[in-house]
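Note sheet for the following structure.
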Amino acid sequence: MNKPANQPNQSANAKHTGPPEDAKTGYGQRSEHMTTSQGAPVRDTDHSLKAGPRGPVLLQDHHLREKITHFDHERIPERVVHARGAGAFGQFTSYGTAESICAAGFLEPGRVTRVFSRFSTVVGSRGSSDTVRDTRGFATKFYTEEGVFDLVGNNIPVFFIQDGIKFPDIVHAAKPHPDLEIPQAQSAHDTFWDFVSLHTPAQAHAIWQMSDRGIPRSFRMMEGFGIHTFRLINAQGNSCLAKFHWKPKLGVHSLTWEEAQLTSGADPDFHRRDLADAISSGHYPQWELGVQVFPDDGSESFEGIDLLDPTKIVPEELAPVQPLGLLELNENPSNYFAETEQVAFHPGHLVPGIDVTNDPLLQVRLFSYIDTQLSRLGGPNFSQLPINRPHAPINDTFRDGMHQQYIHEGIAPYKPNSLDGGCPFMAEPGSEAQARMVDFPEAVTEAVKERAEPVGFSDHFSQARLFYRSLTAPEQLHVQQGYSFELGKCSSEEVRKRQLQCLANIDEELCASVALALGLPAPQPDEEVKDMAPSPALSQVGQQWPVDGRVLGLVVSPETDLELVRRLKDEAMGLNLRVLLVAADGGKLAEGLPVDRSYLTARSVEFDSILVVGRHRAAPTAKVPLDTKAGAAGDHAGPEMLDPRVGLLLQETFRQSKAVAYTSPELEQDLAKLAIPAGTPGFEHQDAGQAVTWLAGQMALHRVWQRFGG
Ligand code: HEM
């Protein structure tokens with residue numbers, strides 16, 4: 001069994017004592033009374049020590065100085081990328097299906113391993129918004145009995161660059177312009193498109209980011225990808241190559257661009273809150289870990305696809321994803337800073353049975369993470385922080401350094417030694433156990449030292465085309481709109497034209513539609529456009545998914561029968577939906593029926609579907625809507641008309657292609673005035689008895705896709 005995250009590790013010859021024994025609560029937190037950091041009682045923390053009530057503050061007030069000094073140093077540098085994130089603890093349960101390919105202990109049948117996952121945006125700073133268009137990080141720390149294994153991936157299976165030496169370039173291009181530090185947390189600006197249109201290996205990643213994948217509905221509804229090809233080694237020492245995938249049990253779903261923008265204002269913490277709410281309400285998110293497996297035959301390619309090129313996927317139709325186990329996140333962090341902020345992932349944190357390949361991006365990552373963490377976390381001992389501590393015994397002979405927490409005993413932190421037990425290896429050289437622990441003895445061909453790339457790395461457009469051609473019509477429309485918005489924000493015509501040229505090399509229709517939106521001529525391709533077979537697995541449309549944790553907005557009017565409200569709420573919760581009760585004013589309708597959102601605070605982006613019960617007349621005394629909402633319902637306001645705030649809710653939900661059911665057929669007159677045509681798919685009158693089940697059926701498809709057109 002694994003120990004909980006906050007438990008220390010014991011090692012054979014190094015005893016660790018001191019505060020980390022109870023680092024989570026900390027000695028400083030234990031006193032029932034307020035104390036200084038040294039444990040002395042504090043009499044007054046409200047007034048500084050002064051020469052008289054109106055006099056100057058005295059330098060001798062140590063409590064004041066200690067308090068202010070500590071506060072002054074509370075912040076640490078944010079991550080250079082992936083600064084904004086949210087994390088959760090959970091467990092990984094192995095199916096035991098990996099035995100023939102991988103000797104890692106945590107993949108043994110039924111083995112349960114504690115994990116911590118952190119999801120993030122890439123570009124924005126720590127205080128930026130969750131729902132910006134960006135790639136999302138998906139990093140998981142497995143606290144295995146054989147040491148920590150980190151799977152540090154993204155929600156997009158290809159990367160911008162092929163060699164880590166380009167990482168500072170892409171990041172500098174994507175980050176805000178250095179003169180004014182704008183725009184924050186987005187790629188819709190000149191330097192980003194300047195770089196990706198010049199450095200065309202980035203085109204495959206860029207098209208994923210312009211698609212719905214760049215604006216996930218929830219962390220719980222994202223795929224995750226290890227991206228690189230790894231090498232797996234079984235107990236007999238045989239190897240295969242593999243790509244890791246996380247498949248969310250709830251399916252892969254996205255926001256619309258309008259929802260993403262509204263949410264950035266209405267609730268910048270939307271994804272953080274969604275994850276935390278789902279976990280605290282018992283809707284634990286789950287992902288299946290799987291691998292695509294390829295022979296390790298020396299070719300480092302599969303069906304003509306270079307497995308060392310991180311800008312390429314292998315379609316699942318060619319190499320199916322084989323499930324290995326289930327991740328469930330079931331515990332929110334108890335302290336954001338201590339856990340989510342201080343967690344330190346590293347693609348080189350591997351366990352026996354998993355090794356790296358020569359992917360040049362991965363190779364540079366192996367250097368970068370520990371280097372950045374040395375400064376971000378203030379020295380070489382950050383693996384002693386509770387969130388980073390292995391749950392396996394350690395005996396590393398590392399000593400001292402800034403922020404050392406352990407009090408090591410003994411006198412011989414070196415190997416070999418004869419004075420402190422010798423620090424023996426777990427297995428003798430040459431033994432079978434030793435065989436599975438060594439670095440894989442990969443043959444390295446004799447080579448000339450040079451700055452060069454493999455031939456296959458020069459194909460920059462075929463995978464972008466493969467992705468685009470695999471999408472359904474509404475998804476393709478969103479890609480066109482994504483590019484049109486982003487390039488429309490670029491002030492340099494040269495940059496816009498150069499990116500259009502890239503689009504011409506990807507797909508003619510895509511290029512034409514974006515060119516039209518930009519008011520520029522559509523260029524002809526200047527490279528051969530390969531005929532790529534679509535991979536249907538890349539589309540998000542067409543399947544039914546569990547609705548667990550999906551949010552139903554139950555909009556009730558003052559005259560609604562309370563028993564009916566109770567019944568509808570219970571029915572929805574019985575289907576595992578989350579219900580937010582929306583009424584004209586806050587407070588509660590009755591015992592057990594608190595109003596979650598008033599007309600004023602409700603916004604369409606929070607709901608996956610809406611059930612409108614009753615007619616919602618605008619009361620003669622109706623308060624003036626918020627500025628942001630004013631005018632949205634046009635001339636529709638007035639005492640005998642639909643309340644404009646409900647009108648806005650319906651209009652937005654209509655545009656966002658989400659399902660709406662209404663129990664009062666008279667509402668149809670109001671809908672006509674809101675320019676919501678009769679017979680709009682997914683916008684239906686339903687009897688109260690059927691409405692919830694009908695909506696759940698619509699939510700299982702995520703959107704009413706035909707409303708998007710395309
Ligand atoms: C396949 C390509 C890559 C993926 C999937 C990826 C993923 C991630 C993720 C998920 C994080 C956030 C970890 C967390 O939540 O704490 C991260 C952070 C980071 N990445 Fe990458 N990354 C990639 C490529 C690179 C490259 C090529 C470099 C540098 C050469 C790099 C440097 C960094 C750095 C410096 C951090 C901050 C780490 C920290 O402060 O703890 N990444 N990356």
Side-chain angles (χ1 to χ4, degrees), residues 76-89 115-126 130 134-141 148 150-175 199 201-202 204-205 208-209 213 216 219 222-230 243-246 271-272 275 307-313 329 333 336-349 356-357 359-380 382-383 385 387-388:
I76 60 170
E78 64 176 33
R79 288 168 178 79
V80 64
V81 282
H82 296 264
R84 180 171 179 80
F89 291 98
V115 300
F116 183 77
S117 293
R118 182 174 181 272
F119 306 98
S120 48
T121 51
V122 179
V123 176
S125 353
R126 209 184 131 183
D130 280 348
D134 196 357
T135 304
R136 300 299 186 285
F138 186 149
T140 300
K141 192 175 281 294
V148 166
D150 286 345
L151 188 49
V152 198
N154 282 341
N155 75 326
I156 289 179
V158 287
F159 205 65
F160 278 115
I161 50 173
Q162 295 161 313
D163 185 323
I165 197 169
K166 296 304 294 169
F167 194 67
D169 297 300
I170 174 63
V171 174
H172 288 170
K175 286 273 185 182
H199 186 75
H205 186 106
W208 278 78
Q209 199 169 307
R213 302 276 183 148
F219 292 139
M222 293 185 330
E223 276 178 300
F225 302 92
I227 301 181
H228 311 285
T229 302
F230 289 82
K243 282 180 181 286
F244 288 104
H245 293 242
W246 289 114
H271 284 154
R272 284 183 172 187
L275 179 67
L307 295 174
L308 299 192
D309 180 352
T311 66
K312 308 272 188 325
I313 59 158
L329 298 181
Y336 184 89
F337 180 82
E339 294 165 334
T340 313
E341 192 60 13
Q342 295 202 111
V343 68
F345 294 96
H346 194 302
H349 291 166
V356 297
T357 57
D359 173 339
L361 192 72
L362 176 57
Q363 293 278 322
V364 182
R365 290 180 78 192
L366 295 174
F367 164 75
S368 180
Y369 287 71
I370 191 165
D371 180 46
T372 198
Q373 285 151 4
L374 282 170
S375 65
R376 182 168 75 82
L377 298 168
F382 56 83
S383 66
L385 292 167
I387 190 67
N388 294 324

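Order of listing sets the numbers, starting from 1, for every ligand and every atom in it. Excluded from the calculations below are hydrogen atoms, water molecules and symmetry mates; all remaining heavy atoms, backbone and side chain alike, are included.
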Which of the listed options, Arg118, Arg136, Lys141, holds the heavy atom that is closest to atom 15 (O) of ligand 1?
->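 The residue whose heavy atom sits nearest atom 15 (O) of ligand 1 is Arg118.
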
Atom 21 (Fe) of ligand 1: protein N, O or S atoms [distance under 2.8 Å] =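 Protein N, O or S atoms closer than 2.8 Å to atom 21 (Fe) of ligand 1: Tyr369 OH.
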
Between Pro77 and Ser375, what is the shortest heavy-atom contact and its length?
->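 Minimum heavy-atom separation between Pro77 and Ser375: CG-O, 4.2 Å.
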
State, to 0.1 Å, how close Ile387 and Ala338 come at their nearest heavy-atom pair, and which atoms those are.
->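 Shortest heavy-atom separation between Ile387 and Ala338 comes out as CG2-O, 3.5 Å.
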
With a cut-off of 4.0 Å, which atoms of ligand 1 are near a heavy atom of [X]?
{"X": "Ile227", "result": "1 (C), 5 (C)"}
{"X": "His228", "result": "1 (C), 2 (C)"}
{"X": "Gln373", "result": "39 (C), 41 (O)"}
{"X": "Val80", "result": "35 (C)"}
{"X": "Val364", "result": "30 (C)"}
{"X": "Leu361", "result": "1 (C), 2 (C), 27 (C)"}

At what distance is the nearest protein heavy atom to [atom], and which residue and atom is it?
{"atom": "atom 39 (C) of ligand 1", "value": "Arg376 NE, 3.4 Å"}
{"atom": "atom 38 (C) of ligand 1", "value": "Thr372 CG2, 3.6 Å"}
{"atom": "atom 13 (C) of ligand 1", "value": "Phe345 CD1, 3.8 Å"}
{"atom": "atom 16 (O) of ligand 1", "value": "Arg79 NE, 2.8 Å"}
{"atom": "atom 10 (C) of ligand 1", "value": "Gly153 O, 3.3 Å"}

When you measure from the side chain of [X] to the backbone N and O of [Y], does any donor-acceptor pair fall under 3.5 Å?
{"X": "Asn155", "Y": "Arg136", "answer": "yes"}
{"X": "His271", "Y": "Pro216", "answer": "yes"}
{"X": "Asp163", "Y": "Ile165", "answer": "yes"}
{"X": "Asp150", "Y": "Pro347", "answer": "no"}
{"X": "Thr229", "Y": "Leu307", "answer": "yes"}
{"X": "Lys141", "Y": "Leu151", "answer": "no"}

Report yes if some heavy atom in the side chain of Ile227 is under 4.5 Å from a heavy atom in the side chain of Lys243; otherwise report no.
->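 Sidechains of Lys243 and Ile227: no contact.
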
For residues His346 and Arg365, is any side-chain donor paired with an opposing acceptor at under 3.5 Å?
->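 Result is no, nothing qualifies.
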
Among Phe119, Phe244, Phe345, Phe219, find the one that has a ring-ring contact (aromatic ring centres under 6.0 Å, His included) with Phe138.
->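 Testing Phe138 for a ring-ring contact (aromatic ring centres under 6.0 Å, His included) against Phe119, Phe244, Phe345, Phe219 leaves exactly one candidate, Phe119.
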
Residue of the set Asp134, Thr121, Asn154 for which side-chain contact (heavy atoms from CB on, under 4.5 Å) holds with His82 |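 When Asp134, Thr121, Asn154 are each tested with His82, the side-chain contact (heavy atoms from CB on, under 4.5 Å) holds only for Asn154.
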
